[in-house]
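Everything on this sheet refers to the single structure shown next.
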Amino acid sequence: MPLVPEVSPRVRAALEAGRPVVALESAIIACGLPRPGNLAAARSFEELLSDAGVTPATIAVIDGVPKAGLDDSSLERIAMDESVVKVSSRDLGMAMAGKRTAGTTVAATSVLAAKAGIRVFATGGLGGVHRGHAATLDESADLIELSRTRITVVSAGVKSVLDIPATLERLETLGVAVAGYRTSRFPAFYLSDSGQELDWQLDTPEEIASVMAARDAVGDESALLIGNPLPPDRQLDPALHDRVLRESLEAAAAAGIRGKAVTPFLLDHMRRATAGASVKVNLDVASGNIALAARIANAWSSLT
Ligand code: PSU
Ligand code: MN
């Protein structure tokens, strides 16, 4: 078996020279954002990084090959191919042996990025503990994977469709370090503030890079999660949010949605119920996180 993931020449050259690289996930392209705008979004995410002097490494599985760094035709496959599936870390072997094309979740992307030697990763919002978890036991594999993967993830907290206090408790139990970027509150993806207090706040990319170095010094093999909120004037209107969220959760329960279909179902329901406003916010969230990840990667590359 060849080494996994296959690292593109551009990403490899950057890593070898110690230049900044940021990993991007592809589940958000494959099943988080609607077609055909998702392809333009995937391209714009990469462009944001290139413009900041950072090499983008979008991670996905293409015809069974896990890749770090996609060419444009692969980006297009992930965005447009009807047969594309969503894979978490446990699914990677299945997708590889079955020669599938797949968008990778935060869990799968983190594992592949870390194997490639990439230290900074930007996503929209990671998965977490779902509401009603006491009955369903639905908790994203993103959490357990971050507990054993050395990577810095920039995320606007976790999606408000989740049980956010329970997710923070699990992150604590699992040993994932969490800090707010210029805030002491955990963000809630569509909303700037979940109301949950954090123990730690970091105010500059340089501070974050020095925390990464310190964690390396103690041999910490878990992730550092940076909660980066949207500015309040760009969040989803909280009243609209609360109403459509209730409807979305009820619709998922009524339709009996389970397993990995839950998150895409809720995001899609939010899109329809907000007439697309949630998608606009989702794009803003992702772009803001990518911009911060670029600055962290630059600070990290200067430090090391
Ligand atoms: N954030 C988004 N859109 C998404 C996701 C996150 O803005 O589509 C994806 C991420 O890939 C995350 C996944 O890892 O949802 C979580 O899915 P689950 O709850 O099934 O683990
Ligand atoms: Mn789940």
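In what follows, every heavy atom counts, from backbone to side chain, and hydrogens, waters and symmetry copies are set aside. Residue numbers run from 1 in the order of the sequence given. Order of listing sets the numbers, starting from 1, for every ligand and every atom in it.
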Enumerate the atoms of ligand 1 whose separation from the nearest heavy atom of [X] is less than 4.0 angstrom.
X: Phe189; result: 2 (C), 7 (O)
X: Lys86; result: 17 (O), 18 (P), 20 (O)
X: His130; result: 19 (O)
X: Thr105; result: 11 (O), 14 (O)
X: Leu267; result: 3 (N), 4 (C), 8 (O)
X: Gly32; result: 8 (O)

Quiz item: Does Asp142 have a heavy atom less than 4.0 Å from any atom of ligand 1?
Solution: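 A heavy atom of Asp142 does come that close to ligand 1.
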Nearest protein heavy atom to [atom], by residue and atom, and its distance?
atom: atom 21 (O) of ligand 1; result: Ser140 OG, 2.6 Å
atom: atom 11 (O) of ligand 1; result: Glu25 OE1, 2.7 Å
atom: atom 15 (O) of ligand 1; result: Thr263 CG2, 3.6 Å
atom: atom 5 (C) of ligand 1; result: Lys159 NZ, 3.4 Å

[X] N/O to ligand 1 N/O under 3.5 Å:
X: Thr104; result: no
X: Gly125; result: yes
X: Val106; result: yes

Self-check item: Pairwise side-chain contact, Arg182 with Pro229, heavy-atom cut-off 4.5 Å (strictly under)
Solution: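 Contact flag for Arg182/Pro229 side chains = no.
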Exercise. Find out whether Glu247 and Met270 are in side-chain contact, i.e. whether some heavy atom of one side chain is under 4.5 Å from a heavy atom of the other.
Key: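 A side-chain contact under 4.5 Å is absent here.
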Quiz item: Do you see a donor-acceptor pair shorter than 3.5 Å between the side chains of Asp71 and Ser74?
Solution: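 A pair is found: one side chain offers a donor N or O, the other an acceptor, under 3.5 Å apart.
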Side-chain donor or acceptor of [X] paired with backbone N/O of [Y] under 3.5 Å:
X: Ser192; Y: Leu230; value: yes
X: Arg43; Y: Glu76; value: no
X: Arg215; Y: Ser222; value: yes

Quiz prompt | Distance below 2.8 Å from the Mn ion (ligand 2): protein N/O/S atoms | solution =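 Listed by chain and number, the atoms are Asp138 OD1.
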Quiz prompt | side chain to side chain donor-acceptor pair (under 3.5 Å) pairs, two or more places apart, involving residues 101-113 | solution =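 Qualifying pairs: Ser26-Thr104, Asp63-Thr101, Arg77-Thr101, Thr104-Thr109.
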Quiz item: Hey, what do you get for CD1 (Ile257) to CG (Leu249), rounding to the nearest 0.5 Å?
Solution: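 Ile257 CD1 to Leu249 CG: 12.5 Å, rounded to 0.5 Å.
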Quiz item: Is it the side chain, the backbone, both or neither of Val285 that has a heavy atom closer than 4.0 Å to ligand 1?
Solution: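 Neither; nothing of Val285 gets under 4.0 Å from ligand 1.
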